[in-house]
Amino acid sequence: QMKLIKILCICLCFVSCKDDESLEDLSVNAPESIPLSPEDEIRAANAQAQYRAAVEAYQRVERKLRYIAIYGDKEREWELKKLRKEIAPAVQDLTKAAEQKNAHASFFLASHYSNGKLSPRSNEIANKFYAMSAEQGHFHAQYIVANNYYYGRGVLKDPQKAAYWLTKAAKQGHIEAQYYLGKWHHRDETLKNPKKSVYWFTKAAEQGYPDAEFYLGYFYYHGIHVSKDRAKAKEWISKADGHGYTEAKEFWNENELWKY
């Protein structure tokens with residue numbers, strides 16, 4: 001009976017935590033590393049070595065692009081075809097590394113297909129590799145995937161999926177992800193959440209992001225999502241001004257923040 005009571009208490013506690021509006025689950029930490037078996041460690045090391053070698057080979061070819069810019073159209077097109085053929089082995093090696101769950105290789109390939117310098121541009125293939133890299137934990141890929149879902153770039157708009165991926169990036173310390181989470185939770189009707197808005201603006205501001213500093217100062221001055229606190233408003237507006245946010249000086253003068 002005691003065991004049964006303990007199990008019921010644990011379940012009730014879990015349900016309670018799920019419904020709690022606290023921000024404990026948003027703590028900014030790098031994702032926990034999953035212990036790898038010796039075989040997986042070897043596989044990951046090989047994938048990383050393959051990624052580095054492929055990037056070096058890729059960049060050697062990429063540097064040649066600047067020299068063909070002076071050619072005429074026909075000659076430049078011919079040279080570009082040669083470079084694309086020359087780059088193929090590096091792209092193949094990057095693909096193999098990506099398939100071995102190397103997040104950097106996946107992200108590199110996404111950029112390769114997105115910029116269209118040494119391959120025909122393909123947003124579809126680029127998005128596939130951005131998604132793969134995001135799943136593998138690359139925080140900037142997570143940021144890009146989040147924006148793809150938010151603005152409907154190559155996928156159906158889905159604010160909830162956007163917030164999911166942006167939160168993953170923000171938890172890893174991606175400063176722009178933190179700022180935009182604050183903004184989405186403040187402005188977007190679907191995602192509006194005052195506590196989360198203040199939380200993520202604060203995280204970005206603590207990293208010195210001027211837009212977030214200004215938002216926080218504005219919030220504290222007007223009492224938006226927080227209690228009015230002119231001293232904190234002064235602190236954050238001053239920091240935003242010091243980091244070059246153009247509207248901060250005007251806000252400072254209009255509201256005579258030097259008084260507080």
Side-chain angles (χ1 to χ4, degrees), residues 30-31 33 36 39-155 162 165-166 168-170 172-180 207-209 244:
S33 57
L36 297 176
E39 294 81 5
D40 286 338
E41 283 184 358
I42 292 170
R43 193 177 294 113
N46 289 339
Q48 182 66 8
Q50 189 172 42
Y51 158 72
R52 287 178 175 170
V55 167
E56 287 177 9
Y58 187 101
Q59 289 175 339
R60 282 196 298 270
V61 178
E62 191 176 36
R63 282 193 286 270
K64 297 178 184 178
L65 277 173
R66 71 187 73 172
Y67 300 116
I68 71 171
I70 60 172
Y71 296 164
D73 290 345
K74 286 186 177 180
E75 190 176 1
R76 185 166 58 247
E77 186 61 33
W78 173 252
E79 290 295 328
L80 187 57
K81 284 181 181 179
K82 285 168 61 178
L83 290 182
R84 285 177 173 174
K85 188 174 182 180
E86 191 178 342
I87 208 78
V91 173
Q92 288 175 358
D93 286 343
L94 284 165
T95 304
K96 289 176 185 176
E99 288 168 353
Q100 292 297 320
K101 299 183 179 180
N102 187 288
H104 299 292
S106 302
F107 189 84
F108 196 98
L109 282 168
S111 301
H112 166 73
Y113 287 108
S114 178
N115 64 42
K117 290 179 182 177
L118 286 166
S119 73
R121 180 179 283 107
S122 172
N123 290 331
E124 183 180 354
I125 298 175
N127 285 342
K128 181 188 83 170
F129 281 111
Y130 279 133
M132 188 183 295
S133 184
E135 290 282 1
Q136 292 160 353
H138 195 291
F139 77 159
H140 197 60
Q142 291 167 346
Y143 173 77
I144 290 171
V145 169
N147 278 279
N148 286 344
Y149 275 116
Y150 193 76
Y151 295 106
R153 297 171 183 157
V155 292
W165 284 111
L166 205 62
K168 279 188 168 292
Q172 293 195 71
H174 193 292
I175 190 169
E176 288 185 318
Q178 293 171 345
Y179 167 70
Y180 280 104
Q207 290 201 71
Y209 200 80

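Quantities reported herein were computed from a predicted structural model and do not represent experimental measurements.
- Taking CD of Gln48 as the start and CZ of Arg43 as the end, the distance is 15.5 Å to the nearest 0.5 Å.
- Note: Phe108 and Tyr58 meet the aromatic proximity criterion, with ring centroids under 6.0 Å apart.
- Among residue pairs with one or both ends in residues 72-82, those qualifying as salt bridge (Lys or Arg N to Asp or Glu O under 4.0 Å) are Asp73-Arg76, Glu79-Lys82; sequence neighbours excluded.
- Two residues are said to be in side-chain contact when any heavy atoms from C-beta on lie closer than 4.5 Å; Tyr71 and Trp78 fail this criterion.
- Taken to the nearest 0.5 Å, the NE2 atom of His138 stands 9.5 Å off from the CG atom of Asn102.
- Considering all non-hydrogen atoms of both residues, Asn127 and Gly154 come closest at ND2-CA, 3.8 Å.
- Taking the side chain as every heavy atom from C-beta outward, Gln100 and Asn46 never approach each other to under 4.5 Å.
- Annotation: Phe107 is in aromatic contact with Tyr130 [ring centroid separation under 6.0 Å].
- Under the side-chain contact (heavy atoms from CB on, under 4.5 Å) test applied with Arg153, the options Val145, Asn123, Asn148, Ile144 reduce to a single match, Asn148.
- With respect to Gln142, the side-chain hydrogen bond (donor to acceptor under 3.5 Å, both in side chains) criterion is satisfied by exactly one of Gln172, Lys168, Glu135: Gln172.
- Contact between Ala98 and Gln136 at its shortest, heavy atoms only, is O-NE2, 3.2 Å.
- Atom CZ of Phe139 and atom CD1 of Ile175 lie 10.5 Å apart (nearest 0.5 Å).
- Minimum heavy-atom separation, Met132 to Ser106: SD-OG, 3.6 Å.
- When the side-chain hydrogen bond (donor to acceptor under 3.5 Å, both in side chains) test is applied to His104, no partner is found at least two apart in sequence or on another chain.
- Interatomic distance, Ser122 OG to Tyr113 OH, rounded to the nearest 0.5 Å: 8.0 Å.
- Distance CD1/Ile125 to CG/Leu109: 10.0 Å, rounded to 0.5 Å.
- Here the closest non-hydrogen pair linking Leu118 and His112 is O-CE1, 3.6 Å.
- Pairs passing the salt bridge (Lys or Arg N to Asp or Glu O under 4.0 Å) check and including a residue from residues 85-97, sequence neighbours excluded, read Lys64-Glu86.
- Counting only distance, with no hydrogens or angles, the side chain of Ser133 and the backbone of Ala103 share a donor-acceptor pair below 3.5 Å.
- Minimum interatomic distance between Ser114 and Arg121 (heavy atoms only, all atoms of both residues): O-NE, 2.8 Å.
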Apply the test side chain to side chain contact (heavy atoms under 4.5 Å, CB included) to residues Leu65 and Leu80: give CA-CA distance (whole Å), side-chain angles for both, the deciding distance (0.1 Å), then the verdict.
-> CA-CA 8 Å; Leu65 277 173; Leu80 187 57; 3.8 Å; yes
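- Residue Val55 comes nearest to Leu94 through the heavy atom pair CG2-CD2, 4.1 Å, listed as atom of the first residue, atom of the second, then distance.
- Inter-residue side-chain proximity for Gln207 and Tyr209 is flagged as unmet; no heavy-atom pair is nearer than 4.5 Å.
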